[in-house]
Each structure stands twice: as structure tokens, then as C-alpha cells.
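All values below were derived from every heavy atom in this structure, side-chain atoms included, with hydrogens, water molecules and symmetry-related copies excluded. If you're wondering where the values come from, they're calculated on a predicted model, not measured in any experiment.
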Amino acid sequence: MPSACEPFVDDIEDMVSSHDLTSLQRQFSRQSVIPRVRKRKEQPPAEELQVDSVIPGTQKVWMRTWGCSHNSSDGEYMAGQLAASGYKMTDNPSDADVWLLNSCTVKNPAEDHFRNSIKKAQEQNKKVVVAGCVPQAQPRMDYLKGLSIIGVQQIDRVVEVVDEAVKGHSVRLLGQKKDNGKRLGGARLDLPKIRKNPLIEIISINTGCLNACTYCKTKHARGDLASYPIEELVERARQSFQEGVCEIWLTSEDTGAYGRDIGTDLPSLLWELVKEIPEGCMLRLGMTNPPYILEHLEEMAKILNHPRVYAFLHVPVQSASDSVLMDMKREYCCNDFKCVVDFLKNKVPGITIATDIICGFPGETDKDFKETVELVREYQFPSLFINQFYPRPGTPAAKMEQVPAQVKKQRTKELSALFHSYNPYDHKVGERQHVLVTEESFDAQYYVAHNKFYEQVLVPKNPEFKGKMIEVDIYEAGKHFMRGRPVDDARVFTPSISQPLLKGEVSGIPQNLKESCQNGFHSPLASTAVIGQSWRLDGEGLKLLSGGLALLAFVVFFVFEKLL
């Protein structure tokens, strides 16, 4: 080997000895080499991965709601949570994978429609989830066997129930919500919601009631009175106005009984709510029974005179016969009802009083019915809900001696004829009124607005009017409506609130997630049901996450083994 100080170094090829193997010899010698097998520990057989073939949250859901505004609000909450979790809400039942049926138990026909819808869904091989008062009151009905049920106080868990239904499992959540043993009003008010009408927010101020009416099945489902705290209701109203709502409906089984279980009352709630109503927006009170409103007549008159509260009250009388009212266990007499109506008509000029009447209650005589007819003739209620009596299973009235079906029909027909014999709005033709435009008419020819007395006024379909307060001249009156012509030089008043949400847009979720919800976005690893403004990773999300990690570990192990 030359030293480092030598000036010349041989080429690298010259440094190979003549005794070294040639390239050909090296190639030949490799063929005779046998690699030594390295012994490895025996590995247990890999666990077979169980992966669900159906991923919840990617399906389309069609929902149908029957019944009162309380039920409607529950339906809006359920739709909102499903959309926020990734499900696509659809208006086309045949296009849906899941039918969510939200029932009403007040009348036989409503339950019949509900039962027929279940049958139709099953015939079309749809997944079915049922909710509302019917399954809550009678979960063991034959036609409900094997179906998933969401109880009226469990609507905040609708995503879990639908998830399981999609996978072919049956889940029933019928429990009551309690805090330290005290029954709560129901699910939280800050849940996501899809309002049927983006301009109207329906707020349930309490659930259940204090009565025990002998004909009522709803009591079996909704139970005793449980009220939401005032601060929660005020916050929900405030949030609604921030989302462009211009009209709020307060609802419950009996709004007049609000607060008796939590040491407050309805006027106290209403005075707090009116502080939050922006100019150009309105508040509508729901149904209240006579016994509870009697205690607050002075305060209620002041509130109903407030410029941002409709001068409207729904007070059911059911019958003008005291003996029938006693059999119904209504806890008031006809004079109590008259006292409420007379006082409010005197203190709130022009007020609209709506009422309900049941024709043919068990034991109702001809004399009893005539007393009811005279009441209607005397007051000529502009809004009257006439119901033929239906015995509901499990109620005391169902066991009483029934009025013959033909007699019930005849009485219903007679009272209906009396109601249609007078026109309550004829004297208003020529008046100039301020009305709030909130929806489209059934025939899609007009927009529907309401004046201060919550009387229906049809106005031209000008998109500029929607959600606005406008001034109109009344030029025509019908039985249930008036027609108004916008005043030429009057300005359209825009309420001092945000732009309303789009139809189908989810209320109560962060802005950056709304587009994802509308597009039906659903990520299994982040399968998150939005609760108010917060996130939660649900049980299915955790299951999928753990499954994903297991799959990843298996792939890494397999590749590593192959490389070795």
C-alpha cells in the first residue's frame, strides 16, 4: 500500500488481488447459499374485526308530527338534533330510510293516523321510531311491539335512539327527568332545533298539568306539572330573537298553571319576557284553564294590553253545564269562565277569546247541551274548537255511560251550524291595522299576517313583507280571516333583529357548523351531537374511534411482519 506521502496512487481496479473471486464466481456462489431461518415466537391468531355494515348518521329521516304546539316544538327539537348529528331531514317519506312519527293522544282519529303510518312504514321496509304522547302513555300496545320509542321527556336522546334503530336494534327511553328527586320540565331548552317556520319560535314553559280531567289521555303521558325556570325561558327567547324570529308562542298543557311547582307564576314570567321582545316582534300566549287565570286577571289584563303581546287568550270551557263540568272534573263552574271572559273583554278592548267545547260527553243531557248552545250564542266566540267526544282507553270517562253516537254527531252538527251563522269580522272592514306577516296561506296565494288581536289577515305575496310589520286597510272579511291592502305611503317596519335562519337551517349551533348540517355532513370519528353550543362524542363515536385504532394497529403489524 503506498504511503500517504507518495505522489501517485494506483487505480482502484488495480487494488483488487488476482486471487480474489471474479464477479461471475461470486454470482454462482450466491446460488448455493441457504439462508438460516430465524425462529419466532408463535403469535396467537389475529382477532377478527367486527365492523358494522351500517354507519348511523348517513341516512335520510322523514318526520311527521300530530297534535298541539307543544308536540310541534318537541318535533322541531328532534329534527334539529338529528340534522346536527349528520342525518339528512327530508320532506319526502318514500325517499327516507327512517320514519320518525311524533304522535298525539287527544283524539281517536289522531291515534288512528299514527297507527296507519306505522303500518305503511313497515310495508315499505322503513326503519320506524315513534315518539309523543301515544307510546309514552301506552308503550305496550300491540302495534308498538319491537319499535324504538322516545319518551316525551327524552327528546334530547333522539340521536341515540335513531342510531340504534338504523342498526336494527329496538330502544325504549320512557323515563322522567329529575334533579335530586324533583321532576324537571323536560329536556333542555338550548338544544338544536329546526323551526318549521323560521320566523316563529315555540317555547314550552312547562309540561304536564295539575288537573285530572276524566276524559284526558294526555295526562297519562305528560304527567303532573313541571315548570322550567324563568331564566332559562328568557334565555331561550333571547336566543330566538338573535336568530331572526319575530313571533314567540308560549305553550304547555296549561300555561296558566305555570310556576306553581317552583314558587312563581305566569305573570312573573311574562313581565320578564316582554323585556326581551324587540320592537316589531310579538308574543302569543297559549292555552290556560279558567281556575288558574282567575287568580291573575288584573296582571294578565295589563300584559295583554302590552303593545308587543297579542290581545289573545285561549280559555277552554268544554261545556256550559256545571253538572257536565263536574263529571269532567274541570274544577270550575260556567260562571268562573264567564268571569274570566267578561273581565278581560272589559279591560282589554277587542281581545280575542278562543275556546273549546266537547259535544256528547257521557251523561250530557239535552238540557246540558242547550246551556252550551246559549253560551256560544251569547259570546259568539270568533275562534271555537268543536270536538265530538271520543272515549280514550284507560280514562275514567271511557267507563261512563256513553251518549249514543248519532246524538253526539247531531249535537256537533248543530253547534257547528250556530258557529257558522255569524261573521265576527264584518264590522272591521274599512279599518286600518298594523299586522305582522309570518307565513304563507294554505293555497299559496297570500301571505298570512296577524293584527294585535291575533286575527288572521291575508296580504299580497310580496317577499319584502315576510317577517315584517306592515300597515294595511281591511277591504274584505270572511268567517276566519280578513283581507288587507298595504297602505301606499306606509313604511314596512323591520324588527330590530338579525336575519332569520333559512328554512331547514339548524338553530342553536355554532355558525361554522351550519353548512355541514345542511349538507348532511357526518363524520364517524367526530360523530358529535351538538348540544347547545357544546360538543359531545357519543357512544357510537367512541366505538368507531376504538375500532379505527384497532384496525390501524392491525395494518401496521401486518406490514411489519411482511417486511421481516
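Residues E439 and K466 are not paired through a salt bridge, judged by the lack of any N-O separation under 4.0 Å between the basic side chain and the carboxylate. Here D112 pairs with R115 in a salt bridge; the nearest charged N to carboxylate O distance falls below 4.0 Å. Between K408 and E364, no side-chain nitrogen of the basic residue sits less than 4.0 Å from a carboxylate oxygen of the acidic one, so the salt-bridge criterion is not met. Ion pairing of R236 with E201 is present here, as a side-chain N (NZ or NE/NH1/NH2) and a carboxylate O approach within less than 4.0 Å. Between K338 and E378 there is a salt bridge, since a side-chain N of the basic residue sits under 4.0 Å from a carboxylate O of the acidic one. At a threshold of 4.0 Å, the pair E235-R238 counts as salt-bridged, since one of the basic side-chain nitrogens sits closer than that to a carboxylate oxygen. Taking the charged nitrogens against the carboxylate oxygens, E76 and K196 have no contact shorter than 4.0 Å, which rules out a salt bridge. Note on K370 versus E374: no salt bridge recorded, every NZ/NE/NH1/NH2 to OD/OE distance being 4.0 Å or above.
Put simply, the side chain of D156 reaches to within 4.5 Å of the side chain of K177, judged on heavy atoms. Side chains of E243 and S507 form a contact here, defined as non-hydrogen atoms less than 4.5 Å apart. When side chains are defined from C-beta on, P391 counts as touching Q402, because their heavy atoms get closer than 4.5 Å.
What you find for C359 and L415 is that their closest heavy atoms are SG-CD2, 3.8 Å. Across I262 and P229, no two heavy atoms sit closer than the pair CD1-CA, 4.2 Å. Shortest non-hydrogen contact noted between C281 and F241 is CB-CE2, 3.9 Å. Scanning both residues, L436 and M469, for their nearest heavy atoms gives N-SD, 3.8 Å. The nearest pair of heavy atoms linking V309 to M282 is C-CE, 3.7 Å. In plain terms, the two heavy atoms of V437 and L199 that are nearest each other are O-CD1, 4.2 Å.
Residues F312 and H450 place their aromatic rings such that the two centres sit no closer than 6.0 Å. When ring centroids are compared, F465 and Y447 stay outside the 6.0 Å threshold.
The neighbour count for K329 NZ, taken as heavy atoms of other residues, nucleotides or ligands under 6.0 Å away, does not exceed 12. Heavy atoms of other residues, nucleotides or ligands lying less than 6.0 angstrom from CD of E231 number more than 12. For H113, the NE2 atom counts as loosely surrounded, since its 6.0 Å shell holds 12 or fewer non-hydrogen atoms of other residues, nucleotides or ligands.
Of the possible donor and acceptor atoms, none in the side chain of D356 sits under 3.5 Å from a partner among the backbone N and O of V317. Counting only distance, with no hydrogens or angles, the side chain of T255 and the backbone of T251 share no donor-acceptor pair below 3.5 Å. Although no hydrogens or angles enter the test, the distance criterion places no donor-acceptor pair under 3.5 Å between the side chain of N102 and the main chain of V130. When atom types are taken as modelled, the side chain of Q153 and the backbone of L184 share a donor-acceptor pair closer than 3.5 angstrom. Using a distance-only test at 3.5 Å, with no hydrogens or angles considered, no donor-acceptor pair links the side chain of S85 to the main chain of Q81. Under the 3.5 Å distance criterion, the side-chain polar atoms of D336 are left unmatched by any main-chain donor or acceptor of P291. Between the side chain of D254 and the backbone N or O of G256, at least one donor-acceptor pair lies under 3.5 Å. When atom types are taken as modelled, the side chain of D327 and the backbone of V324 share no donor-acceptor pair closer than 3.5 angstrom. Judged purely by atom type and a 3.5 angstrom limit, S441 has no side-chain atom pairing as donor or acceptor with the backbone of V448. Side-chain atoms of D265 come within 3.5 Å of backbone atoms of S268 as a donor-acceptor pair (strictly under, hydrogens ignored).
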message: Show, in sequence, the C-alpha distance, side-chain angles and deciding distance for R330 and N289, and conclude whether the side-chain contact (heavy atoms from CB on, under 4.5 Å) test is met.
response: CA-CA 9 Å; R330 290 291 288 168; N289 285 313; 2.7 Å; yes

task: Before giving the answer on side-chain contact (heavy atoms from CB on, under 4.5 Å), spell out for I194 and L82 the whole-Å C-alpha distance, their side-chain angles and the decisive distance to 0.1 Å.
output: CA-CA 10 Å; I194 295 180; L82 290 169; over 6 Å; no

Chi angles and distances behind the side chain to side chain donor-acceptor pair (under 3.5 Å) call for N71, T65: CA-CA 7 Å; N71 235 29; T65 294; 6.0 Å; no

task: Determine, step by step, whether E253 and H70 satisfy the side chain to side chain donor-acceptor pair (under 3.5 Å) criterion, reporting the C-alpha distance in whole Å, the side-chain angles of both residues, the deciding distance to 0.1 Å, and the verdict.
output: CA-CA 8 Å; E253 282 64 60; H70 192 165; 2.9 Å; yes

- request: Step by step, work out the side-chain contact (heavy atoms from CB on, under 4.5 Å) result for L297 and V340.
  value: CA-CA 7 Å; L297 284 178; V340 171; 4.2 Å; yes

field: Trace of the side chain to side chain donor-acceptor pair (under 3.5 Å) decision for E247 with Y310
entry: CA-CA 10 Å; E247 187 171 288; Y310 285 119; 2.5 Å; yes

task: Apply the test side-chain contact (heavy atoms from CB on, under 4.5 Å) to residues L269 and Y258: give CA-CA distance (whole Å), side-chain angles for both, the deciding distance (0.1 Å), then the verdict.
output: CA-CA 9 Å; L269 167 64; Y258 170 81; 3.7 Å; yes

Under 3.5 Å, side-chain donor or acceptor atoms of residues 300-308 against the rest of the protein: list the pairs with distances, not counting sequence neighbours.
residue: K302; atom: NZ; partner: E299; partner atom: OE2; Å: 3.4
residue: N305; atom: ND2; partner: A301; partner atom: O; Å: 3.1
residue: N305; atom: ND2; partner: K347; partner atom: O; Å: 3.0
residue: H306; atom: ND1; partner: R308; partner atom: N; Å: 3.0
residue: R308; atom: NH1; partner: I277; partner atom: O; Å: 2.7

Which pairs would a plain distance check flag for residues 131-139, meaning a side-chain donor or acceptor within less than 3.5 Å of a matching protein atom at least two apart in sequence or in another chain?
residue: Q136; atom: OE1; partner: V152; partner atom: N; Å: 2.9
residue: Q136; atom: NE2; partner: L174; partner atom: O; Å: 3.2

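Screening K219, H220, K217, R392 for a side-chain hydrogen bond (donor to acceptor under 3.5 Å, both in side chains) with T105, the sole residue that qualifies is R392.
The line from CG of D224 to CG of N206 is 12.0 Å long, rounded to the nearest 0.5 Å. Taking CD of Q154 as the reference point, atom CZ of R172 lies at 14.0 Å (rounded to 0.5 Å). The distance from atom CD1 of I357 to atom OG of S319, rounded to the nearest 0.5 Å, is 8.0 Å. Residue S383 holds its OG atom at 10.0 Å from OH of Y454, rounded to the nearest 0.5 Å. Atoms CD and CE, from Q433 and M482 in turn, are 5.0 Å apart once rounded to the nearest 0.5 Å. Residue T288 holds its OG1 atom at 6.5 Å from CG of L313, rounded to the nearest 0.5 Å.
Geometric assessment of K107 against the ring of Y390 yields a negative cation-pi assignment under the 6.0 Å and 45° thresholds.
Legend: salt bridge (charged side-chain N to carboxylate O under 4.0 Å, His left out) pairs involving residues 280-296, not counting sequence neighbours, sorted by first then second residue: R260-E295.
No side-chain N or O of Y332 forms a donor-acceptor pair with one of D322 less than 3.5 Å apart.
In this structure, H314 and F385 have tilted ring planes: the angle between them lies in the 30° to 60° band.
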